[in-house]
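Report on the following structure.
Only this structure's heavy atoms are used, side chains among them; waters, hydrogens and symmetry mates stay out. The sequence lines fix the lettering, A, B, ..., with proteins before strands; numbering per chain opens at 1.
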4 protein chains.
Amino acid sequence: MTTTKKAAPPSERRAHLVRLAADLFAEQGFRATTVRQIADAAGILSGSLYHHFDSKESIGDEILRGFLDDVLGGYREAVTGVDDPRAAIERMVRFSTAALSRHRAALTMLQNDWAYFSAQKRFAYLRTAMREIEQTWLDQLERGKQTGQFRADLDARLAYRLLRDILWIPTSWKQARGRSWTTDEIVDGLLRLLFDGIVAR
Amino acid sequence: MTTTKKAAPPSERRAHLVRLAADLFAEQGFRATTVRQIADAAGILSGSLYHHFDSKESIGDEILRGFLDDVLGGYREAVTGVDDPRAAIERMVRFSTAALSRHRAALTMLQNDWAYFSAQKRFAYLRTAMREIEQTWLDQLERGKQTGQFRADLDARLAYRLLRDILWIPTSWKQARGRSWTTDEIVDGLLRLLFDGIVAR
Amino acid sequence: MTTTKKAAPPSERRAHLVRLAADLFAEQGFRATTVRQIADAAGILSGSLYHHFDSKESIGDEILRGFLDDVLGGYREAVTGVDDPRAAIERMVRFSTAALSRHRAALTMLQNDWAYFSAQKRFAYLRTAMREIEQTWLDQLERGKQTGQFRADLDARLAYRLLRDILWIPTSWKQARGRSWTTDEIVDGLLRLLFDGIVAR
Amino acid sequence: MTTTKKAAPPSERRAHLVRLAADLFAEQGFRATTVRQIADAAGILSGSLYHHFDSKESIGDEILRGFLDDVLGGYREAVTGVDDPRAAIERMVRFSTAALSRHRAALTMLQNDWAYFSAQKRFAYLRTAMREIEQTWLDQLERGKQTGQFRADLDARLAYRLLRDILWIPTSWKQARGRSWTTDEIVDGLLRLLFDGIVAR
DNA sequence: AATGAATGAGACTTCATTCAT
DNA sequence: GATGAATGAAGTCTCATTCAT
């Protein structure tokens with residue numbers, strides 16, 4: 001009846017439910033959140049959720065896809081036409097941080113339940129996407145070494161792994177008690193740490 | 001060395017079971033691991049575990065306490081009689097990394113199931129211990145700022161939070177597929193990144 | 001008449017299940033009855049009970065509250081506007097007997113599992129209610145002593161304890177093999193025994 | 001090796017264990033008491049109990065037999081050579097009360113777990129013994145009616161059932177908080193209630 | 001006599017999911 | 001779109017009992 005009506009008929013109601021679920025996933029993790037909690041948040045019974053989704057995993061799928069589409073698109077844009085690798089990395093960092101704060105649930109799911117998702121065929125795209133993300137970072141780091149902007153002895157893959165996980169960190173703090181820093185402060189602190197370390201010069 | 005606990009009469013068998021459980025917790029998380037899996041790993045029936053522990057949480061408790069006792073002791077030793085804050089931090093970093101690799105399960109539990117544990121009275125000591133750990137870091141970072149070794153504009157608390165989580169990262173990689181770096185390489189990479197950044201000079 | 005409870009949305013199905021459970025509790029005791037037996041009696045799986053109740057204890061709670069509300073209400077009514085203590089006691093006896101036969105499960109639970117229930121915070125109201133019941137009896141017994149209708153040397157508290165337990169007796173016979181007496185016969189026998197003893201005059 | 005050595009080799013240790021178990025049964029009931037609790041009370045492990053008894057029921061059996069042997073013997077003696085039925089009943093009441101306080105566990109078991117025991121062949125003697133006890137009471141009550149000492153309209157069987165259960169009451173109070181009355185006071189109160197009622201003359 | 005370890009049956013409970021209405 | 005009821009698999013835990021040492 002409605003427009004698309006395939007695996008994911010995009011309705012307002014449906015999108016709203018995904019958002020509610022995402023909030024819960026972000027705070028508790030995917031597995032630790034029950035469909036009943038999601039339904040409660042929506043003010044309906046848990047069984048009624050199945051009019052909108054055919055499984056809990058479908059909701060997870062939707063959230064993860066949304067995140068990866070966003071990140072992948074953003075990274076492609078971040079490096080396109082930017083010659084300076086340091087500038088490109090700074091753009092990637094800033095974009096990552098923004099994207100992660102838009103998709104807190106996806107981050108929690110990737111951190112807490114990676115083993116659960118990546119073991120399923122249905123989520124094979126997760127590995128593919130992560131690989132592209134990795135490659136984008138490696139490209140910029142290697143270019144920086146070639147231009148002499150970055151240390152020649154830098155292990156690009158090691159740096160990437162460290163950086164990726166480091167970028168994930170601040171997002172997982174959100175909504176914590178202290179709440180002392182703005183996103184910008186954190187990113188700046190991170191970039192400063194990243195490029196210059198903590199030692200005074 | 002170790003104090004004899006009443007609630008947990010130490011026995012070889014028991015210690016062995018804790019180790020088996022810890023391996024599973026490290027890989028899957030505490031909640032995601034079932035007592036049946038632990039029992040299977042030990043070659044016994046799940047109910048038989050309760051001859052040794054009065055609950056799954058007791059096993060978790062034992063693992064977490066072991067970790068925190070280790071870390072707290074190590075940190076105290078790392079800073080005692082060390083005047084140079086940079087040296088103290090380097091000692092703390094090296095100790096942390098070693099301790100974390102000795103207690104991978106505890107790390108996974110703290111990362112994945114913090115909400116679950118910290119909500120329980122029984123695990124109130126988690127918060128206490130984390131507070132002491134934080135204070136130890138803050139002390140050294142502040143001292144470094146006073147001596148002029150660290151940047152004067154360094155936000156100590158922000159740096160601590162970033163550093164703590166960053167130190168946790170490499171441990172969670174262990175046993176992953178790539179397995180490209182030794183612990184020492186990772187620590188060195190981390191320290192290098194930490195003190196000097198990635199930019200060439 | 002009945003107040004709508006939040007924790008226990010009333011439904012026909014639910015009420016029916018409580019009744020089934022009550023029958024089993026009456027015959028076997030609360031602890032000795034398994035949720036599986038209750039579910040079997042209802043023709044469903046044991047897990048399905050948890051769609052209606054959040055625990056076995058919730059069922060027990062519902063039964064006990066229903067009983068105490070009934071008794072307390074009845075006692076208040078029994079003594080209101082009745083000047084003659086002997087008449088009041090007779091009304092209380094008759095009401096008790098009727099109430100008990102309406103709530104056989106509650107009686108069994110109080111007799112067999114008092115220790116279990118009264119040890120839990122959730123069932124604190126049990127003690128409160130029993131205290132009010134006791135006070136109602138003591139009031140009437142003392143008044144009877146003052147009016148000279150009852151023996152001056154009567155130990156009111158001792159008499160209450162004996163009477164209360166005595167009143168509980170006949171209900172626990174019901175559904176036994178012999179089944180020789182009607183409720184009225186038992187009450188009359190009891191009242192006769194109570195007021196006049198067994199000795200001929 | 002030892003003297004009898006059949007189903008129940010009477011050793012001091014064994015008797016001691018039975019006593020410990022009886023205390024627990026008296027307070028918690030037979031089913032509600034675990035073998036582990038018994039073992040704990042004895043300072044041994046639960047498995048070690050099986051050197052003395054071949055099952056938990058064996059302990060119950062021993063306790064119940066001891067009680068019934070005592071009561072049956074006492075009743076026979078109470079009525080032998082006593083012509084006056086009122087005197088005989090008073091002797092039976094006094095003996096019952098004394099016996100019950102000596103065998104509190106048996107009483108609790110009979111009250112709480114009668115259904116459990118009486119359903120087993122092994123405990124068939126319970127019914128036999130109860131029948132003899134009942135007959136002894138009926139004999140005295142009927143004789144009292146014939147001599148004109150008791151009311152002619154007294155329903156002997158009803159009176160027996162009431163009396164038996166009434167006699168059980170005070171024992172189940174023991175060890176309660178109030179602890180206001182001595183055994184003698186209770187028996188006297190009971191006899192007074194029984195023979196004369198509460199009404200003043 | 002007792003320990004230490006284990007069994008096996010069964011208890012209460014959780015939860016994603018299904019489906020008739 | 002939603003309800004109300006149920007399923008079925010799985011999870012944590014309990015407990016009487018057994019047995020080699």
Q: Between F:dT17, E:dT17, F:dG1, spot the one nearest the side chain of D:Val35, thanks.
A: F:dT17
Q) Think D:Ser48 has a side-chain N or O under 4.0 angstrom from the OP1 or OP2 of E:dA1? A) no
Q. For B:Arg13 and E:dA6, is the shortest distance between a side-chain N/O and OP1 or OP2 below 4.0 Å?
A. yes
Q: Find the distance B:Leu17:CG to E:dA6:C1' and express it as a whole number of Å.
A: 11 Å
(Q) Heavy-atom nearest nucleotide on DNA chain F for D:Ser46 versus C:Ala42: which residue maps closer to 5'? (A) C:Ala42
Q. Given F:dA2, E:dA16, F:dA5, which nucleotide is nearest the side-chain atoms of A:His51?
A. F:dA2
Q) Which heavy atom in B:Ala129 sits nearest to a heavy atom in B:Leu68, and how many Å separate them? A) CB-CD1, 3.8 Å
Q: Under 4.0 Å between any heavy atoms, over every strand shown, what does C:Ser58 touch: base, sugar-phosphate, or nothing? Just pick one.
A: nothing
Q) Taking the six-membered ring of B:Tyr50, is the NZ or CZ of B:Lys56 close enough (under 6.0 Å from the centre) and on axis enough (within 45°)? A) no
Q: With DNA chain E as reference, determine whether B:Ile44 or C:Gly47 sits nearer its 5' end, using the nearest nucleotide of each.
A: B:Ile44
Q. For the pair made of CZ in D:Arg36 and C1' in E:dT3, what is the distance, rounded to whole Å?
A. 14 Å
**Q.** Euclidean distance, atom CD1 of residue A:Ile38 to atom C1' of E:dT14 [Å, nearest integer]
**A.** 15 Å
Q: Please tell me which of A:Lys56 and D:Gly43 maps to the more 5' nucleotide of DNA chain E, matching each residue to the nucleotide holding its nearest heavy atom.
A: D:Gly43
**Q.** Phosphate OP1/OP2 of E:dT18 contacted by A:Tyr50 side-chain N/O (<4.0 Å)
**A.** no
Q | Paired nucleotide for F:dG11 [Watson-Crick or G-U wobble; both distances under 3.5 Å] | A | E:dC12
Q: Verify the contact: side-chain N or O of B:His52 to OP1 or OP2 of E:dA6, cut-off strictly under 4.0 Å; return yes or no.
A: yes
Q: Name the pairing partner of E:dT17, where a pair is Watson-Crick or G-U wobble with both distances under 3.5 Å, or state none.
A: F:dA6
Q: Decide whether C:Arg19 and C:His16 meet the rule of one side-chain donor and one side-chain acceptor closer than 3.5 Å.
A: no
Q: Take atom CG of C:Leu49 and atom P of F:dG8, then tell me their distance rounded to the nearest Å.
A: 15 Å
Q.
Give me the atom names and distance for the closest heavy-atom approach of B:Asp113 to B:Phe30.
A. OD2-N, 3.0 Å
(Q) Considering every strand and a 4.0 Å limit on heavy-atom distances, what is the contact class for D:Thr34: base, sugar-phosphate, or nothing? (A) sugar-phosphate
Q: Indicate whether any N or O donor in one side chain lies under 3.5 Å from an N or O acceptor in the other, for B:Ser58 and B:Asp54.
A: yes
Q: May I have the distance from D:His16 (atom NE2) to E:dA1 (atom P), rounded to whole angstrom?
A: 14 Å
Q. Expressed in angstrom and rounded to an integer, what is the separation of C:Arg14 atom CZ from F:dT3 atom P?
A. 18 Å
Q: Taking A:Ser46 for its side chain and A:Arg36 for its backbone only, find out whether a donor-acceptor pair lies under 3.5 Å.
A: no
Q: In whole angstrom, give the distance that lies between atom CG of D:Asp40 and atom P of E:dA2.
A: 14 Å
Q: Indicate, with a heavy-atom threshold strictly under 4.0 Å, whether D:Leu45 touches base, sugar-phosphate, or nothing.
A: base
Q | Rounded distance (Å) that lies between atom P of F:dT17 and atom CG of D:Asp54 | A | 9 Å
